[in-house]
Amino acid sequence: MSDKDYLKDISTIKNLMNKSSRFISLSGLSGILAGIYALIGAALTYYLVTTYSYGTLTLDGWVFRYVFFILFMVAFLSVVTGIYLTTKKAKQNGESIWDGSSKRLLFNFLIPLVAGGLYILIILSQGRYGQTGGLMLIFYGLALVSASKYSIGDIKYLGFTEIILGLIASLYPGYGFWLWVIGFGIMHIIYGTYMHFKYDVK
Amino acid sequence: MSIITNINKVFDHRIRLGIMSVLMVNEYADFKTLKELLGATDGNLASHSKALEKAEYITVEKQFIDRKPNTRYSVTKLGQAEFKKHINALEKLIKKQ
């Protein structure tokens with residue numbers, strides 16, 4: 001065997017290790033769109049809260065219910081867009097959408113996310129909503145870091161960014177809203193664009 | 001030429017390297033998954049996995065899932081150690097150039 005063959009061997013090994021353990025068809029475009037949904041949602045919330053609620057939110061008011069609905073819609077649309085675009089990309093890559101690697105990815109992503117979501121609902125029901133923005137950022141960041149082992153490694157850095165933003169938000173709850181806008185809106189657009197040009201456009 | 005001795009003849013085939021690579025990072029893999037990942041034919045995969053099994057680098061487990069036969073492969077401790085040695089030897093050979 002010549003040296004070229006050894007090199008080829010190593011790259012085959014690396015390739016197969018990645019392919020068999022990581023789900024790599026995440027779409028960068030879905031990140032960009034999720035960021036845009038988050039920005040639209042945040043703009044609507046800002047408008048509602050400043051116009052009807054004099055800058056404060058109370059749990060029993062109708063404004064809060066609208067804000068909750070907006071938040072839900074942002075999450076829902078992001079997930080639907082993500083699934084749609086990822087399925088499309090997986091088909092192009094000849095990667096199956098529901099196999100061992102995508103199941104592991106989803107499982108590891110959902111553990112911190114579901115735990116965090118329930119925790120946030122619990123403290124909301126106790127009337128402590130000052131930390132919500134920060135907690136959402138922190139748990140979402142943890143979910144990304146935990147999922148990054150089973151997907152494109154770059155989402156780890158988005159995870160770290162979200163965690164740091166979340167910690168800052170819990171230090172300065174007054175800026176929670178703006179940090180949320182940066183974390184879920186702007187960061188998604190930046191990382192989504194980066195991933196789109198690195199992986200999608202070939 | 002001590003490096004050459006670490007090049008393991010048992011791994012000297014694309015399909016065998018492939019089987020080992022997949023099993024190193026997965027707890028187990030079944031026949032169909034391996035076949036798809038490696039793009040190998042049934043007979044090809046069967047004969048190469050048998051060779052690895054004979055060397056006791058992998059274990060083969062046959063069972064039934066929903067009454068369909070299912071073959072599961074996983075790597076042994078010996079297989080892991082030997083494969084690591086093999087990769088190190090490959091890398092050293094490349095670096096020497």
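Chain A is the first sequence line, chain B the second, and so forth, proteins listed ahead of strands; every chain is numbered from 1. What you are looking at is a predicted structure, and each value in this text was computed from that prediction instead of being measured. Computed from heavy atoms alone, side chains included, the values below leave out hydrogens, waters and symmetry copies.
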*Closest non-hydrogen atom pair between B:Val25 and A:Met17, with its separation*: CG2-O, 3.6 Å
*Between atom CG of A:Asp9 and atom NE2 of B:His86, what is the distance when rounded to the nearest 0.5 Å?*
6.0 Å
*So does A:Phe177 have more than 12 non-hydrogen atoms from other groups sitting under 6.0 Å from CZ?*
yes
*Take atom CD in B:Glu27; do more than 12 heavy atoms of anything else shown fall under 6.0 Å from it?*
no
*Which is it for A:Thr12 and B:Leu17 under the side-chain contact (heavy atoms from CB on, under 4.5 Å) test, yes or no, and what are the steps along the way?*
CA-CA 8 Å; A:Thr12 310; B:Leu17 271 183; 5.6 Å; no
*asked:* Please give me the minimum heavy-atom distance between B:Phe83 and A:Ile13, naming the atom from each residue.
replied: CZ-CD1, 4.0 Å
*asked:* Restricting to non-hydrogen atoms, name the atom on B:Leu93 and the atom on A:Tyr6 that form the minimum distance, rounded to 0.1 Å.
replied: CD1-CE1, 3.5 Å
*B:Asn26 and A:Arg104: side-chain contact (heavy atoms from CB on, under 4.5 Å), yes or no, with the steps?*
CA-CA 11 Å; B:Asn26 288 282; A:Arg104 254 177 309 196; 3.0 Å; yes
*asked:* Taking CD in B:Glu56 as the centre, count heavy atoms belonging to other residues, nucleotides or ligands within less than 6.0 Å. Is the count above 12?
replied: no
*Taking all non-hydrogen atoms of both residues into account, name the closest pair between B:Leu37 and A:Leu16 and its distance.*
O-CD2, 3.8 Å
_B:Tyr28, OH atom: more than 12 neighbouring heavy atoms under 6.0 Å_ = no
